[in-house]
Each structure stands twice: as structure tokens, then as C-alpha cells.
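Let me begin by presenting the structure, written as C-alpha cells, before commenting on it.
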Amino acid sequence: MLLEKRKYKGIDVLSLSFKVAPFAMLLYLVVIIADAVIPTTMTALATAFFVDTAIAIFKNERAANEIYIPLIALISTVGLINILSSIPQLIESKIQFELERKLVPEILEAQAKLAYKYIEDAESLELIEIVSDEMQETFLDGISAYGTIIRSVVAIVSVLGLVVTKVWWSALVVGLASILIFLISLWMGKENYKAKVQVQKYERRYSYYSDEILINREAIEERTLFGYTDKIVKHYQKDFNISAKIELRVLLKTIITMKATNLSLVIIMFSTVFSLIDSFVVGKISAGMFTGIITALFEMSEILGWQLQTAVKNISEAREYMEDLTKLLAFENVEGAIDLPCDKEFEFKKLEFKNVRFKYPKQNEYILDNISFKIEHGKHYAFVGSNGVGKTTITKLLTRLYEEYEGEILINDRELHTYSMPEIKALFSVVYQDFARYQITLEENIFLGNIKTKENQDIEKVALKAGLKDTIEKLPYGIKTFLGKINENGVDISGRQWQKVAIARSLLSTAPIKILDEPTSALDPIAENQIYQDFENLMKDKTTVFISHRLGSTKLADEILVIYKGKIAERGNHSELMKLNGIYAKMFEVQRSWYQ
């Protein structure tokens, strides 16, 4: 494991990259140092050698053919500079590949292990997205930035080594200026990262408007029919403009700061050059060395200018990113969250809620308040009630998406907390209201319900049981056809067909308790009723739970539990509850015409 729970710092961009790609990083370091020495000290010395030789030849102090060696040395130095400038990018490509291969999976795994409460919290979800989306860019920019720092230090030391013996005070001024520029750039880096985080929430919004509404093919019918494009464009422009203003404000601040420091550097460099003139006039410095030092000074000023400032800014951003990574890895994990369902076969007997109370994080009111009920093996149950009364919350507690409840939840007289996540996964199979539509083959879509399945025949049997026979026959490649339009030759299927695919996944699962959590809410009542009847027929002698605010499925249930204000308000079968003439009877009378 590359990632562990500890405090990460900006320098860990390098340490983690060394772990991921040690040879590439070592080579990168060597090239960076060479790229610092050659354009400054080597160039100064080669220039001095060439100029001094040329002057000597001009004065007839040396033979004309002696110019070739200095000329070759100067040309070779310039050639090396050009070659070295392109090598770091090649090495960075290799490092990026290794980051994607080794580090990205670990970040995704860390996210997959997080407690569900972080996924439903806007602030923590934003942090999760930043860590995931910004990882590669931050690491590559950070590596390049630290490379620039190393190159800058080596270049400064090299040049100051040439200057300090001639004009010591000038070397001191250049050194102090470098430190000041570093600190200013560090401050600008913080400002840029804060702006990036602030901008991201607006980017998500306007990206949603553009990608999911304005250009998404699934919204084209309503977009054409209702003509809401102008309205959505206004929302897009509002968030885009806010984002642009934040970025522009920081950009202007950055440009002004960089230009000011660059001007200061130019003044310092010219002062250093003028200070060397006396030494040149009195013969302490040869014409070649004077020219070489000037060349090296202005090369160093370029490094100390925008290159160093950009590098320090990126290091500051890397440090801020590492703080976010530290927070992410410190979040509570769920043990066994990414493990497969266990192989042990459960003999499910009963499930019981005893005086269970639960409220969502950061909420004051309890969504479930002292609720109690029993579910027994082989029976069919229906939880009904209006939206927002806690029906789906029961599913979330059973599947341990949330664990901070009061009271007891018992399975076979054993507390839910004592079951491992692989055991929970083996106990429950849920078809959610917002079930996933995976744009992979139909066969793979069903296979995800039980990835331990080894026989394709089992998948085909389940598909037929779920009523997908006609769908499979119409698909160009049968059960191996890709669904959706991401893949070539992919095919769109209807909402009802997707419902059946989701149910087929549940059927393939060997879990003894099957839960349908309003997966048919997008269908018309007649189609919904048919889905529930088909599912009930397939679940003979198994335990099923239907959760819905529509009552088309309730006649199929052995027991109906009506939830109102977080409590069980009524319970019984359809006939008993109709005779009671309470909440259920009123809801059913309102919906009666839907199913006739």
C-alpha cells in the first residue's frame, strides 16, 4: 500500500512519486540538475572560452585553427541545452503512467471504503471529488515545480560561485532576492489553490447545465418540447461568470505580483552587471568571462522569474492538496466495504427492529422514531407511506450504509453491528429507486448481481425469468449487446426494460432477503403493478420487502406496514387495513383508479 493514514505534506508529491516510479524519478532528478548547470555555469565557461580565444586570435596571439575547439564546446553546450529541455516531459509522461497505474487505484479504493455519510454530505463530497479529480495534475505540477526549485538552487549556486569572488555583495543581494521571491510565490500559491477550491463548486454547476441538460441526448425531447434552453443558459452563465470573476481576480493579482518581482530581478541583474565593469576594465575579468557571466546571470533571472514563481505556486497548491488527501484518508472507513459477499449460506429466520431511532447527520429531527417491527422468513412485506417518512432509511440501516442508530436491529436474534460487511452483502439484495444503468453488455449488467457466478447459463436463465426474452431476441448481439451509446453498436433500451435488468441482477444474487426500494417509481401504475406481480411470482418461498408510496404492490404482501412520522402507524394485510379505514385505506382510495 502506498497510501496510509498520516499527515501528508507538499514534499510527499516527490516521496510518493519515488515509490511509484523510482527509476524515472531518479533520472528526472539527474536531468534537472544537468539542466541547471549547463545553461548557467557551463554556458558561461564555454562562452568565456570561445570569446577569449577569438579575441586572442584577432590580436594574432593565437593561431586561427585554435577557434574550433572552443566553437565545438559552445555549440555542444547549446545543443545539450536544447536536448535537455525536452527530456523532462518524456520522463513526466512515464511518471504519469505509473501514477495512473498504481496511485489512482489506491485513491479510488480509499473512496470506496468511506462511510456512506461522507457521500451524502456536500462538504466532504466536494473534498472527495477534489482529491480524485486533481490528483494527476497536482502530482505532475508538483514534480515539475520541485524540479524547478532544485534547478533554481543549483543555478543560483553555480552563478553565485562565479560572481562571489568578483563582487561578493552582489551575490548576497541576488541570494536575498531569491528568498523574497520564494516567499511571495508561496503566498500566491495559497491564493490560487483557495480560488481553485472556491471555483470548483461553480464549475460543477455550470458543467451540469451544459453537459447534462443542454447537450445531453437523453434530455433532447424535453429540451425541444419545452424550449427551456434560454432559461438553462442563464443559469449556466450566472455560475460561469461567478467562476470567471474569481479566477480573473486571482490571475490579475498573480500577474501584478510576478511582473513586480520580475522588474526587481531585472534591476538586480543590471546592477550586478554594472558592478562587474570595473573588474573587467582593470583586467580582473577577461572579456570572455565577463560575457559568460552576463549570459549566465540573465539565464538565472529567467529561472528566478516566472519559472520559480510558477513552481512555488504549484508547490503551495500541492501542499494544500496534500492536506485534503490527509483529511480524506482520516475519514472513517467501513471494514469490508470493498469485499465480496461471503460464501457462507445463511439460514434466515427473522429480522427485527426494536425501538429504533435514527436521524441523519447534521439533522435535528429523527426520521425514524422508536420504530419496531418483525420480518419472518418466506413472507412478503410492503412498507408504504408518503415520501420522506423514512421508508428508504430502513433499507440504508439494514445494509449498514448508516450505523449510528439507537435501539436494536436483530437478524436471527443477533445484533446487526456484529455482522461483517461481506455477511451483510450476502444477506440482502436491493433494487434501488435510482438503480444504476451500466453501459456495458446486458450479460455483464446482470452478472454484477453476483460476480462469483461462473456459468453464463445461470445469467441467461435469470434474464429469461426477469422477462427479458423479447428484449434479448431484438438486440443485435443478443445478451452480449452493449447497452447505451458509449460503446460502438450500443443500443438504448426502454425504462421498463432497464427495470427488468435491475431485477435480474437481484435474482442472480443468492441473498435470502430481496428488497425493492421504489425501483418502479418512473413507470406508470399498470406497468409498476405488473413488475411487482412478476417479482412476487419469482420470489416464491423467499423473503421480499416492497418499499413504495404507491400501493399497486400491497395486495401481494402478507403484511403491510404503514409508516407515518417515523413510526409504524398501521400494520396488517390489505383487507385488514381497508377495514381499519385509516391512513392506508385513504391512500388506496386515492390511488384506486390508477390500477383499474
Side-chain angles (χ1 to χ4, degrees), residues 115-120 334 336-337 341 346 348 350-354 356-361 363 366-369 371-377 379-411 415-417 419 421-436 448-449 499 502-503 505-507 509 511-522 528 531-532 535-536 539 542-551 553-554 556-557 559-568 571:
Y116 187 71
K117 61 185 177 184
Y118 299 114
I119 308 301
E120 289 201 333
V334 176
F346 286 94
F348 171 69
K350 67 176 181 178
L351 181 156
E352 185 173 6
F353 271 50
K354 284 187 174 182
V356 172
R357 303 181 79 218
F358 174 78
K359 61 182 178 181
Y360 284 101
Q363 298 295 317
Y366 282 87
I367 187 72
L368 297 178
D369 191 7
I371 193 170
S372 299
F373 60 84
K374 287 184 181 179
I375 290 176
E376 297 179 345
H377 168 71
K379 292 186 177 181
H380 305 307
Y381 295 84
F383 286 88
V384 301
S386 58
N387 289 327
V389 297
K391 303 185 301 295
T392 295
T393 303
I394 291 172
T395 304
K396 290 179 178 178
L397 293 182
L398 285 175
T399 53
R400 283 185 54 186
L401 293 180
Y402 286 102
E403 301 189 67
E404 298 83 4
Y405 58 83
E406 302 170 27
E408 293 180 288
I409 301 178
L410 305 174
I411 300 177
E415 170 57 45
L416 181 68
H417 285 136
Y419 286 87
M421 281 307 298
E423 288 176 321
I424 294 295
K425 294 176 185 179
L427 271 167
F428 298 99
S429 174
V430 185
V431 182
Y432 292 99
Q433 178 178 351
D434 52 350
F435 60 84
L448 294 177
Q499 301 276 358
I503 289 173
R505 274 200 293 270
S506 179
L507 293 176
S509 168
I513 305 172
K514 310 286 188 181
I515 302 175
L516 264 65
D517 190 353
E518 300 203 69
T520 59
S521 59
E528 177 196 43
I531 288 282
Y532 278 120
F535 190 78
E536 193 270 343
M539 294 294 108
K542 294 189 178 180
T543 308
T544 60
V545 177
F546 298 156
I547 295 176
S548 181
H549 65 280
R550 302 200 307 199
L551 309 183
S553 62
T554 54
L556 307 173
E559 184 174 14
I560 302 163
L561 296 98
V562 182
I563 302 178
Y564 181 71
K565 292 186 177 181
K567 301 178 185 292
I568 301 296
R571 70 178 73 203

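Since the model is a prediction, treat every value here as computed from it, not as a measurement. Quick note: residue numbers are just sequence positions, from 1.
- Listed by chain and residue number, Y381, L561, R571 satisfy the side-chain contact (heavy atoms from CB on, under 4.5 Å) test with E559 (two or more places apart in sequence, or in another chain).
- Checked against salt bridge (Lys or Arg N to Asp or Glu O under 4.0 Å), E403 has the following partners two or more places apart in sequence or in another chain: R400.
- From H377, atom NE2 reaches atom CD1 of I513 across 10.5 Å, with rounding to the nearest 0.5 Å.
- No side-chain heavy atom of V562 sits under 4.5 Å from any side-chain heavy atom of F383.
- The shortest side-chain heavy-atom distance between V431 and I515 does not fall under the 4.5 Å cut-off.
- A511 is linked by a side-chain contact (heavy atoms from CB on, under 4.5 Å) to S429, S509, counting only residues two or more places apart in sequence or in another chain.
- Without hydrogens or angle criteria, K117 side chain to L401 main chain gives no donor-acceptor distance under 3.5 Å.
- Atom CD1 of I411 sits about 9.5 Å away from atom CD of E423, to the nearest 0.5 Å.
- At least one side-chain heavy atom of I547 sits less than 4.5 Å from a side-chain heavy atom of V545.
- Not a single side-chain hydrogen bond (donor to acceptor under 3.5 Å, both in side chains) links K359 to another residue, sequence neighbours left out.
- For the atom pair CG (L368) and OG1 (T393), the distance works out to 5.5 Å, reported to the nearest 0.5 Å.
- Under the rule for a side-chain hydrogen bond (donor to acceptor under 3.5 Å, both in side chains), the partners of S372 that lie at least two apart in sequence or sit in another chain are N355.
- Residues satisfying the salt bridge (Lys or Arg N to Asp or Glu O under 4.0 Å) test with K379, not counting sequence neighbours, are E376.
- Under the ring-ring contact (aromatic ring centres under 6.0 Å, His included) criterion, F353 pairs with F373, sequence neighbours left out.
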* Can I563 and V384 be said to form a side chain to side chain contact (heavy atoms under 4.5 Å, CB included), step by step? -> CA-CA 6 Å; I563 302 178; V384 301; over 6 Å; no

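- Note that CG of L516 is 8.0 Å distant from OG1 of T544, once rounded to the nearest 0.5 Å.
- Residues meeting the side-chain contact (heavy atoms from CB on, under 4.5 Å) test with T392, sequence neighbours left out: K396, D517.
- In terms of the salt bridge (Lys or Arg N to Asp or Glu O under 4.0 Å) criterion, residue partners of K567 (sequence neighbours excluded) are, by chain and number, D369.
- Atom CG of L427 sits about 9.0 Å away from atom CG of L351, to the nearest 0.5 Å.
- The NE2 atom of H380 lies 12.5 Å from the CD1 atom of I375; values are rounded to the nearest 0.5 Å.
- With sequence neighbours left out, K354 forms a side-chain contact (heavy atoms from CB on, under 4.5 Å) with E352, E408, L410.
- Listed by chain and residue number, Y116, F358, Y360 satisfy the ring-ring contact (aromatic ring centres under 6.0 Å, His included) test with Y402 (two or more places apart in sequence, or in another chain).
- Using modelled atom types, no side-chain atom of K514 and backbone atom of T543 make a donor-acceptor pair closer than 3.5 Å.
- Take Y405 and apply the ring-ring contact (aromatic ring centres under 6.0 Å, His included) test, not counting sequence neighbours, and it matches H417.
- A 4.5 Å side-chain heavy-atom check between V356 and I409 finds at least one atom pair inside the cut-off.
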